[in-house]
Colleague: 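Before anything else, here's the structure in question.
Sequence lines set the chain letters: A, B, ... in the order given, protein chains first and strands last, and positions in each chain run from 1.
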Amino acid sequence: MAHYLVKSNGKEFDIVVKKSGDSFCVVVDGREQTVQFSSSGKSKSVMLVDCCSHEISINSNGYDNSRLVTVGGIEVELEIDNFRLAQLKKAAGNSNSQAASKKIKAPMPGLVLEVKVSSGEKVESGQTILVIEAMKMENAIKSSAAVVVKNVAVSKGQSVEKGDLLIEFE
Amino acid sequence: MAHYLVKSNGKEFDIVVKKSGDSFCVVVDGREQTVQFSSSGKSKSVMLVDCCSHEISINSNGYDNSRLVTVGGIEVELEIDNFRLAQLKKAAGNSNSQAASKKIKAPMPGLVLEVKVSSGEKVESGQTILVIEAMKMENAIKSSAAVVVKNVAVSKGQSVEKGDLLIEFE
Amino acid sequence: MSKPIKKILIANRGEIAVRIIRACKELGITSVAVFSSADRSACHVAMADEAYFIGEAPSAESYLVQNKIIETAKQCNADAIHPGYGFLAENAGFARLCNNEKIIFIGPKAETIELLGDKIQARKKAIEAGLPVLPGEEIDVSNASEALAKAKSIGFPVLIKAIAGGGGKGMRVADSAENFNESLIRASSEAKSAFGDGRVFIEKFLENPRHIEFQILCDAHGQAVHLGERECSIQRRHQKLIEESPSPVMTPELRKNMGEAALKIARASNYIGAGTVEFMVDSDMSFYFLEVNTRLQVEHPVTEMVTAIDLVKEQIAIAENKTLSFSQDDISCSGHAIECRISAEDPRQGFVPSTGTIQDYRMPSGPGVRLDSGVESGSEISVYYDPLFAKLIVWGKDRSEAISRMKRALEEFRISGLKTTIGFHRIVMENENFVSGNFSTKFIETEYPNYEFETADDKTIETAAIAAAIDRFKNESRINLQNGKSSRASISSWSLYHRQRNMKKFTGSR
Amino acid sequence: MSKPIKKILIANRGEIAVRIIRACKELGITSVAVFSSADRSACHVAMADEAYFIGEAPSAESYLVQNKIIETAKQCNADAIHPGYGFLAENAGFARLCNNEKIIFIGPKAETIELLGDKIQARKKAIEAGLPVLPGEEIDVSNASEALAKAKSIGFPVLIKAIAGGGGKGMRVADSAENFNESLIRASSEAKSAFGDGRVFIEKFLENPRHIEFQILCDAHGQAVHLGERECSIQRRHQKLIEESPSPVMTPELRKNMGEAALKIARASNYIGAGTVEFMVDSDMSFYFLEVNTRLQVEHPVTEMVTAIDLVKEQIAIAENKTLSFSQDDISCSGHAIECRISAEDPRQGFVPSTGTIQDYRMPSGPGVRLDSGVESGSEISVYYDPLFAKLIVWGKDRSEAISRMKRALEEFRISGLKTTIGFHRIVMENENFVSGNFSTKFIETEYPNYEFETADDKTIETAAIAAAIDRFKNESRINLQNGKSSRASISSWSLYHRQRNMKKFTGSR
């Protein structure tokens, strides 16, 4: 038996998994369901939840907690954690997630066409911060909130790879 | 530079391969051709022989000499050998191939429905030796030459796997 | 009054189950798959909305277990069962069982299946309805001398056929009195194992006939139409390999006559649903009733391609008690369609079944190409079921374009991991007699006696040889680099020779 | 007199090169691919009969180098060059160069491309030919105040368009005087980088127009026909995403009028070949000439599906100087076709391009489904070229069946390794306003402001959570078995916690 806490898109699922013959008995937030899980070639599996069929593929890297699960072609990103461990983390006030991402990274490889802000500048939500050209199209990178620019990591004419730091906010 | 002897279906090719920049210079039975070879995902490659395009996949197992090469979807089985080595083998009168295959093996998994010959029996070319049921069809296994049966390795009603010995000839 | 169907259990597997699930999805009908232990991760299970385990791999323990399927249909509240082809598709008992359990059987009524499934009765009905038939009669397998006498009175060659048969199983030709008895026993035993009924009958065997069949659709309100013919003469051991529509020898007049004949037997047997009336056509273009297949055929897509009518959706509409939305005059055929059956068989080894796991699976596509497939990369082809796993269908504005397009599509198709009939179809598409339309059901045995043909020409073999040489050169260069040697010339031939001999011991390869 | 073409060099890559190679194969014409260093093992190279390297990955160093392509065509003795769309397809200079070198350019004459490629001249020609146009004029980007005055006299909103443009590049809407100048500069700079020509003009911008275009075919002997319309209103930043034929708002009368208008401008510009006449249609169904695209369009397959006419083969026949084999009266459209463009973009991140290697690639298929694709499992999608890599096209007997079929096909499509627009198309197919046919070119911005939409519903997220839990359970069981432990309960949560923390250090994951 194992007990997990799965988070996705603001939702939490309390999931208990037990082996039950060839199948699994899965209790999701108190509701018990019978699940059959058959792997086929490569990363694909067929999962029957109380006989409802789903084509599944799961991309994970061992014990790392984030997963990209594809259900019938629809991608769902989620975090899975041992339930007790998740409780311990919560108790310990783990605040990793809040600390993160006051940075804008390049969403694609390309060429920086324009940088429209500088350090210390206040930007409004929706304001264009810089313009990147990729695949022959100009892409405006906009701010998603009202913030103050701490550091501009790139300059006009520079080539960037996907994931390169562009701008940091305060 | 390397020098090979390739055999397929009774044909022999004397092939010299040299690296030439990004390409290869290949001399086949004295004719020189320029070959570009690009591997793409998995086992597939695109091979341009003097700019004629071929989609290639090659199944091999390291140093073993037999290859199943697929050219634009058409399968070709062949043997490749180091040229000097092939000459040495010839000189040594290597007779492996002649010694082989006085046996009939199951061409598919199935059920032996009937055995129509017994040890010591003479069979004609084209005579039905046994009948195997597979995939709901009865398949008559016939002799490809006039031979004498040495040993019948299966009996009626027996299940066989692909490659199981069925009959040995003298 | 029509009653909408909301949930269909598909009592089948493979490409035809996938075909039916696709129709259900497009109609907004919930699809229910059933599966054996060999099919837990099969395409039809993954694609259906729901899926239920019904038993072990052998079909007698799963796909043929009527009670289990009925029980599953009741458990999941299915309104209807679609049997596909094969398995229970032409089993009158199963149709009756569905009826008793108030589940709609998507197919003709049990009585119709029973009547037409019995070849002797169907033949009688056809004669009554005024259809031309070949001389023939039922025989008693246990009475060899009487059987032989009957065969002689018809005149050799004769065709021995299972009375309960279909799909080429339990069918044998006897050329002469000498091989009559063995063929009779073989046909009867195959019939017994395939249909649980060893009865056979014999019929005059035409020397160079064409097999031409008509697709019919009949609603429950007395409307009946035909959707033109399919030419199915390219067969191997009475199993169709390539089908097309229209037939290269069809004339408007013959089509009218044969189509009317098809509708006559349909009406005489109170036919409801989709069905196929099969005929033999002699070289003088006279035609003879053969049998009625009371189900969807493997080759139904060629008719769909030329008529733009979706036969599975029409079957469902008829089962919903709807009236046909078109009359005979509304049906027009345009262009030309060809289907090649793609099976897990090795044509060069006499079409022996080939099993294994499909590695690469690259489907052909583009203009005018349709693939009905029940597998994908990673699928297992097991020994338990029919080796047919996909059907490649093309449409062209005329037969010539359809052939060119089929060639192109076959060239694009890639399957690795097992042997298939793709290469064989490529050869047939180049065959002069096929291209000219000049062929009969003897095509395969005449053109490819002993299945001797070469898929690879000299140029292709040379190209393969070059590829193997370059591949080995690259591997050796890599190994030498790994060993810190700058050139493979430093390995003597003798050491290579010994290394190879040692490798062989480990790999066990010949 | 017609002169048969025996060898065609395809001066393009990706899905359109594959599309043209397929036509060549079916016609028995030798196909020649050209490729950059990024495309050495691309599909179009593998499929063509011959292939020649023409330069480095950036298109300015390969697919756009006219002399290199001409030189290759001469080297391999190609009779003709097919430019596809994009790259050199609408380059009059290149068409002229082909002509000078006695290589057939498969497209209109250089003068026609030149005339219609210049939006200002094309507009004048349309007015002369009696086509309705929107108010508009050319402006001088360097004279900001004069430009603004002109914009004001037309009245905001105005559309700023590259004179040399196409494909939505160098196109911007200015709502008001405030954002006019920035939009002008952005449009002009994009035009300069895309077409080497920064000239722009402005035009009255309709508030809720539809984009409807007519496919035309004109031979060199004065015959000209139209093949009905394509509805292309579902656009994002002036790039089409979904196209269909017929338009849900078309009437036979409007089709006749617009079709005649399309043929008028074709005749006035001595058009030879396949082309597209684009119109804006206002909510009152009045229509205005927009431009002529002097090439095969991305969305040509929807026309092929409803007319059963192969446009690439017709282009080749026209280039061979043949007369059209059909007249306007012979053309009939049946059923309904829809195309979804499948691009390597992440719709939820504002459609940013996504690059990478395609891992799994499972194509949809079955009845009424066509996929025009330029990739397969293992293909690289690089930053160098257009993110469009495949087009999914379906045919249905009516719009409703076509939408259901598109949903079904999109559900079957699997691509892993990068983000695509498949999920977005699945959402659009469920959108009420799309389904009802009630939309304009503002559809995307109105329905999905800021591209906010959820591909996964609650049920799907729960299913994913269960799958993740079972997958992890199975992995942990396996690891425990390997460690010789019978149950994972023996690992304390604290040790798991520390183990995970340590793992994170190594994997570097967040």
Colleague: Given heavy-atom pairs under 4.5 angstrom as the criterion, report whether the side chain, backbone, both or neither of D:Tyr361 touches chain B.
Modeller: neither
Colleague: Would the distance check show the side chain of B:Lys44 and the main-chain N or O of D:Ser377 forming a donor-acceptor pair, the cut-off being under 3.5 Å?
Modeller: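 Indeed, once roles are kept as given, a pair shorter than 3.5 Å links the two residues.
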Colleague: For the CE atom of B:Met47 and the OG atom of D:Ser41, what is their distance to the nearest 0.5 Å?
Modeller: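 Result: 14.5 Å between the selected atoms.
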Colleague: So, B:Ser53 side chain and D:Val45 main chain: donor-acceptor pair closer than 3.5 Å or not?
Modeller: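 Checking the backbone N and O of D:Val45 against the side chain of B:Ser53, a donor-acceptor pair under 3.5 Å is found.
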Colleague: Quick check on D:Glu380 against chain B: is it the side chain, the backbone, both or neither that has a heavy atom closer than 4.5 Å?
Modeller: neither
Colleague: Do other residues, nucleotides or ligands put more than 12 heavy atoms under 6.0 Å from B:Lys122 NZ?
Modeller: no
Colleague: Would the number of heavy atoms belonging to other residues, nucleotides or ligands and lying under 6.0 Å from NZ of D:Lys6 be above 12?
Modeller: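 12 or below, so no.
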Colleague: Atom CG in D:Asp39, atom OG in B:Ser38: separation rounded to 0.5 Å?
Modeller: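 Taking CG in D:Asp39 and OG in B:Ser38, the distance rounds to 10.5 Å.
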Colleague: Would one find more than 12 heavy atoms of other residues, nucleotides or ligands at under 6.0 Å from atom CD of B:Glu77?
Modeller: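 No, not enclosed.
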Colleague: Is there a side-chain contact between D:Phe35 and B:Val46 (heavy atoms, below 4.5 Å)?
Modeller: no
Colleague: For chain D, find its close neighbours in residues 21-36 of chain B: heavy-atom separation under 4.5 Å, sorted by number, or none.
Modeller: B:Asp22, B:Gln36
Colleague: Name the region of D:Ala51, side chain, backbone, both or neither, that has any atom closer than 4.5 Å to a heavy atom of chain B.
Modeller: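 Both backbone and side chain of D:Ala51 come within 4.5 Å of chain B.
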Colleague: Would you compute the distance between atom OH of D:Tyr52 and atom CG of B:Leu48 and round it to the nearest 0.5 angstrom?
Modeller: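 Atom-to-atom, D:Tyr52:OH and B:Leu48:CG are 9.5 Å apart.
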